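Each remark here refers to the structure printed beneath this line.
Everything numeric in this text was worked out from a predicted model, so none of it was measured.
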There are 2 protein chains.
Amino acid sequence: MLSQKAKYALKAMLALANQENGELLQAGDIAEQQNVPRKFLELILLELRKQGLVHSHRGKHGGYTLAKPADTITFGQIVRIMDGPLAPIPCASLTRYRRCVDCADEKACAIRRAMRQVRDSAAEILDGLTLEQARRGAAHAESLTT
Amino acid sequence: MLSQKAKYALKAMLALANQENGELLQAGDIAEQQNVPRKFLELILLELRKQGLVHSHRGKHGGYTLAKPADTITFGQIVRIMDGPLAPIPCASLTRYRRCVDCADEKACAIRRAMRQVRDSAAEILDGLTLEQARRGAAHAESLTT
DNA sequence: TTGTGTCTCTATCGACCCAGTCGATTATGA
DNA sequence: TCATAATCGACTGGGTCGATAGAGACACAA
């Protein structure tokens with residue numbers, strides 16, 4: 001399951017990606033336009049800043065902006081920061097592998113193999129989708145989707 | 001994330017699928033051979049029975065057995081029973097769709113589109129994998145995987 | 001009929017995490 | 001210097017997860 005936190009993070013990042021040539025956007029504005037609890041969003045933005053995905057400016061006319069071009073930031077990065085590994089089970093994770101304590105023979109474990117496949121396909125999708133692509137996609141959405 | 005419950009359920013079902021022509025297997029034996037807390041496992045088996053995936057027999061020489069052939073039971077069915085929908089987010093679920101309260105335009109939502117893809121690929125993998133296939137796969141595993 | 005060994009079912013527990021809030025602090029531009 | 005916005009830490013209420021306990025129902029054997 002994707003947590004609310006991750007969903008809000010994606011929303012916020014998309015909002016920032018939609019700004020014309022990197023203009024600042026304030027937490028309050030994002031919260032309002034995206035329907036996200038303001039204080040909670042601040043927490044999220046703080047974390048995104050610590051991970052180097054956004055820059056912040058304080059004081060009057062402060063706000064947030066993407067730290068990198070929108071076509072270099074992927075959904076996968078954001079989700080991993082908020083929710084941890086994509087793999088449904090730690091023993092199937094590449095980024096944060098952890099052995100199953102109750103698993104006798106990992107090589108032969110059918111569950112692990114299946115979850116590895118799930119992880120791989122999720123990673124392919126989410127690591128292959130940038131904010132920029134998502135932003136453009138959204139613009140075309142009305143005509144494409146029935 | 002796949003819960004422990006779902007993982008144990010898969011283990012138990014695989015253990016049952018490994019029985020020669022539908023012989024009974026007791027909860028205690030499954031618990032021991034699969035390294036699963038016994039009482040917790042009973043709960044799981046109970047739920048699997050209620051959902052019609054296993055049959056049970058009481059009394060001396062009681063136990064559990066698959067309710068259907070192993071090639072008609074998929075990982076997807078089991079995971080959904082234990083953990084609910086495969087989709088990372090309710091608005092991307094086919095089986096249990098629920099609208100996002102904080103989403104203005106669902107059609108244009110990039111997050112939903114991405115999660116729908118993740119769901120679809122997970123469903124393709126898990127609904128396409130039967131206990132029988134997993135069982136056979138496990139047997140070949142040693143030679144195939146390095 | 002009695003005993004034994006299963007499954008069945010409800011209740012309960014502690015720990016942990018998620019979502020969200022509060023309030024004080026610090027930095028910044030006007 | 002003052003209003004405004006980000007920063008940070010503490011905290012909380014609720015819910016879920018993993019697991020356990022124990023009484024009861026049932027099947028079979030002796």
Side-chain angles (χ1 to χ4, degrees), chain A residues 1-12 15-16 23-32 34-67 79 81-85 88-90 100-102, chain B residues 1-12 15-16 23-32 34-67 79 81-85 88-90 100-102:
Chain A
M1 271 289 293
L2 194 77
S3 68
Q4 290 288 91
K5 218 167 143 190
K7 193 176 80 174
Y8 293 163
L10 289 171
K11 281 184 151 196
L16 290 176
E23 275 186 10
L24 289 174
L25 194 53
Q26 296 184 350
D29 294 339
I30 301 178
E32 197 176 351
Q34 300 293 329
N35 253 310
V36 173
R38 195 216 153 111
K39 276 299 195 176
F40 194 27
L41 178 64
E42 284 184 6
L43 237 55
I44 291 164
L45 288 167
L46 191 58
E47 202 163 341
L48 289 171
R49 191 195 122 242
K50 286 183 181 167
Q51 298 296 327
L53 290 197
V54 305
H55 284 151
S56 66
H57 295 276
R58 305 215 235 193
K60 225 170 192 170
H61 308 112
Y64 295 88
T65 175
L66 293 185
V79 171
I81 287 173
M82 294 295 147
D83 285 359
I89 201 171
C100 269
V101 281
D102 56 314
Chain B
M1 272 288 292
L2 194 76
S3 68
Q4 290 287 90
K5 219 168 142 189
K7 192 175 80 175
Y8 293 163
L10 289 171
K11 281 185 152 195
L16 290 175
E23 275 185 8
L24 290 174
L25 194 55
Q26 298 185 348
D29 293 340
I30 301 178
E32 197 175 350
Q34 300 292 330
N35 253 310
V36 173
R38 194 217 154 108
K39 275 299 196 177
F40 194 27
L41 179 63
E42 285 183 7
L43 239 55
I44 292 164
L45 288 166
L46 191 59
E47 200 162 344
L48 289 172
R49 191 195 121 242
K50 286 182 180 167
Q51 299 295 327
L53 291 197
V54 305
H55 283 152
S56 66
H57 295 276
R58 303 215 239 194
K60 228 171 190 170
H61 308 113
Y64 295 89
T65 175
L66 292 185
V79 170
I81 287 173
M82 294 296 147
D83 285 359
I89 201 171
C100 269
V101 281
D102 56 313

Check your understanding: Tell me, do A:L2 and A:V79 make a side-chain contact under 4.5 Å, heavy atoms counted?
Key ->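 Yes, close enough: below the 4.5 Å cut-off.
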
Point to revise | Side chains of B:Q34 and A:D102 in contact at under 4.5 Å (non-hydrogen atoms) | key: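 Answer no - side chains too far apart.
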
Minimum heavy-atom separation for [X] and [Y], please, with both atom names.
X     : Y     : answer
B:A9  : B:L48 : CB-CD1, 4.4 Å
A:R38 : A:G28 : NH1-CA, 3.7 Å
B:A27 : B:E42 : CB-CG, 4.2 Å
B:A15 : B:L25 : O-CD2, 3.9 Å

Review point. Do any side-chain nitrogens or oxygens of A:Y8 fall under 4.0 Å of OP1 or OP2 in C:dG20?
Key: yes

Review point. Think A:S56 has a side-chain N or O under 4.0 angstrom from the OP1 or OP2 of D:dA5?
Key: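 For D:dA5, neither OP1 nor OP2 has a side-chain N or O of A:S56 closer than 4.0 Å.
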
Review point. Only one of B:L24, B:L16, B:L53 forms a side chain to side chain contact (heavy atoms under 4.5 Å, CB included) with B:Y64, so which one is it?
Key: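 Exactly one option meets the side chain to side chain contact (heavy atoms under 4.5 Å, CB included) with B:Y64, and it is B:L16.
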
Would you mind reading off the distance between [X] atom [atom1] and [N] atom [atom2], rounded to a whole angstrom?
X     : N      : atom1 : atom2 : result
B:L24 : D:dC28 : CG    : C1'   : 13 Å
A:Q4  : D:dG14 : CD    : P     : 18 Å
A:Q26 : D:dA5  : CD    : C1'   : 6 Å
A:M1  : C:dC17 : CE    : P     : 17 Å

**Study point:** 5'-most by nearest nucleotide on DNA chain C - A:L2 or B:H61
**Key:** B:H61

For nucleotides 25-27 of chain D, tabulate all protein N/O to nucleotide N/O atom pairs closer than 3.5 Å, reporting atom names and distance.
from: D:dA25; atom 1: N3; to: B:R58; atom 2: NH1; distance (Å): 3.3

Review point. Salt bridge check: are A:K50 and A:E47 linked by an N-O gap of less than 4.0 Å?
Key: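 No salt bridge links A:K50 with A:E47.
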
**Study point:** Interface with DNA chain C, restricted to residues 38-54 of chain A and to heavy atoms under 4.0 Å
**Key:** A:K39, A:F40

Practice item. Output all residues satisfying salt bridge (Lys or Arg N to Asp or Glu O under 4.0 Å) with A:K60, sequence neighbours left out; order by chain, then residue number. Key: none

**Study point:** Residue mapping more 5' on DNA chain D - nearest nucleotide basis, B:S3 or A:G63
**Key:** A:G63

